[in-house]
Amino acid sequence: MRASQQDFENALNQVKLLKKDPGNEVKLRLYALYKQATDGPCNMPKPGMLDFVNKAKWDAWNALGSLPKETARQNYVDLVSSLSSSSEAPSQGKRGADEKARESKDILVTSEDGITKITFNRPTKKNAITSQMYRDIILALKNASTDNTVMAVFTGTGDYYCSGNDLTNFTSATGGIEEAASNGAVLLRDFVNSFIDFPKPLVAVVNGPAVGISVTLLGLFDGVFASDRATFHTPFSQLSQFPEACSTYMFPKIMGPTKAAEMLLFGKKLTAREAWAQGLVTEVFPESTFETEVWTRLKTYAKLPPNVMRISKELIRKHEKQKLYTVNAEKCAAALERMPREEYAKALRNFLFRKAKAKL
Ligand SMILES: CCCCC/C=C/C(=O)SCCNC(=O)CCNC(=O)[C@H](O)C(C)(C)COP(=O)(O)OP(=O)(O)OC[C@H]1O[C@@H](n2cnc3c(N)ncnc32)[C@H](O)[C@@H]1OP(=O)(O)O
């Protein structure tokens, strides 16, 4: 099958997220294929002998002769796909071996009655998600996809469901904010893809306030059961960040564009009942009976025929999957290229030093 314009655009985003520098030779080839796919055969005057960089680029493009635009586009997509898989394969292999044996204290994974329960378990930090927790969740979902789990359920320990991304995650990166942004973008892409790909029913038991990515992800869940104590807050503009986890696509679909904007642009915090009225939450329960009622319900659901639920989910998700990958890749590329670094650094400083300021 020929690569479509959409495949080409996905590949352009994919290139920005490569974990390893592919080297000059490959970069020249990518440049040449890109120019051929967009502008056609080389039409630029030949640069002078001493203009080494532009001469090398011109040579690479000119060498493609009259290769048709569509073929160049296909070759570009194929080359990026081979680079993406070769840069990811070794680390995934290694991870599979040593992470399986790893005990995670901040993400608890238990299995009972066909339900794999994945618990944010860092209550002293309101269950903020560290880089390791992102990786633990990717692994937990991967395992639950293939073992005898019927459904996966997320919940939190303590008074919070989850306070979102740990804001100190990338502050210690040795390469500064650029390295932090690049590492964060790749991790985020893999993390969100693991929710897009999860093939079985996925449910959130929202026991308390939810912030940031723990809210945006809910658009990818099949059921969201909330205590009436829960709140839903996405303060992205306040943090100089962009909404992630495909929420820019899923939230307008779920609640309509103006209500989505109220959350994602203006950071309006919703109560559980408001989130239910917008369609983000399936059902709200009184705090006093929340745990008993929800788990009784989920145990009943987990007795339904697993294969039927899996295939039904596949049928529901099938037409959206490619779109979701694209939206996810676009957001990760935007975080790399378009995030206002100064404003983000200022928002981080405000959070990190807020307690010291409050004492003044
Ligand atoms: C792979 C990259 C993905 C990137 C995309 C993700 C984006 C997001 O998720 S954006 C949302 C990020 N989250 C936030 O902005 C929330 C920040 N936290 C707060 O606003 C508050 O802590 C609170 C409202 C959640 C709770 O306030 P309060 O009840 O007053 O409790 P404390 O502030 O004293 O919190 C207790 C303890 O927990 C630490 N903490 C809470 N949330 C976070 C967090 N998100 N990141 C890091 N640390 C967090 C807080 O610092 C306190 O720690 P100590 O001072 O050591 O006690």
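Basis for what follows: all heavy atoms, side chains included, without hydrogens, waters or symmetry-related copies. Ligands are counted one by one from 1 in listed order, and the atoms in each one are counted from 1 as well.
- Atoms of ligand 1 found under 4.0 Å from any heavy atom of G164 (numbered from 1 in listed order, with element): 9 (O).
- Nearest residue to atom 33 (O) of ligand 1 from R354, K126, Q241 is R354 (criterion: closest heavy atom).
- Residue Q5 qualifies as enclosed at atom CD: its count of foreign heavy atoms under 6.0 Å is above 12.
- Residue contacts with ligand 1: I129 is excluded, as none of its non-hydrogen atoms falls under 4.0 Å.
- Remark: aromatic rings of F120 and Y161 are close, center separation under 6.0 Å.
- At a 3.5 angstrom cut-off on N or O pairs, S163 counts as close to ligand 1.
- Using a 4.0 angstrom heavy-atom cutoff, H233 does not count as in contact with ligand 1.
- Annotation: L187 places no N or O atom under 3.5 Å from an N or O atom of ligand 1; distance criterion only.
- Of the listed options R122, Q238, K125, K125 places a heavy atom closest to atom 40 (N) of ligand 1.
- By heavy-atom distance, the residue among L167, L348, T124 lying nearest atom 46 (N) of ligand 1 is L167.
- Within the 6.0 Å centre-distance limit, the rings of F195 and F154 are counted as a close aromatic pair.
- For E244, no nitrogen or oxygen atom sits less than 3.5 Å from a nitrogen or oxygen atom of ligand 1, counting backbone and side chain alike.
- Taking a cutoff of 4.0 Å between a charged side-chain nitrogen and a carboxylate oxygen, K269 and E262 do not qualify as a salt bridge.
- In the vicinity of A128, heavy-atom distances shorter than 4.0 Å reach the ligand 1 atoms 43 (C), 44 (C), 45 (N), 46 (N).
- The aromatic rings of Y301 and F225 lie tilted to each other, with the angle between the two planes from 30° to 60°.
- Atom OH of Y31 has more than 12 neighbouring heavy atoms from other residues, nucleotides or ligands inside a 6.0 Å radius.
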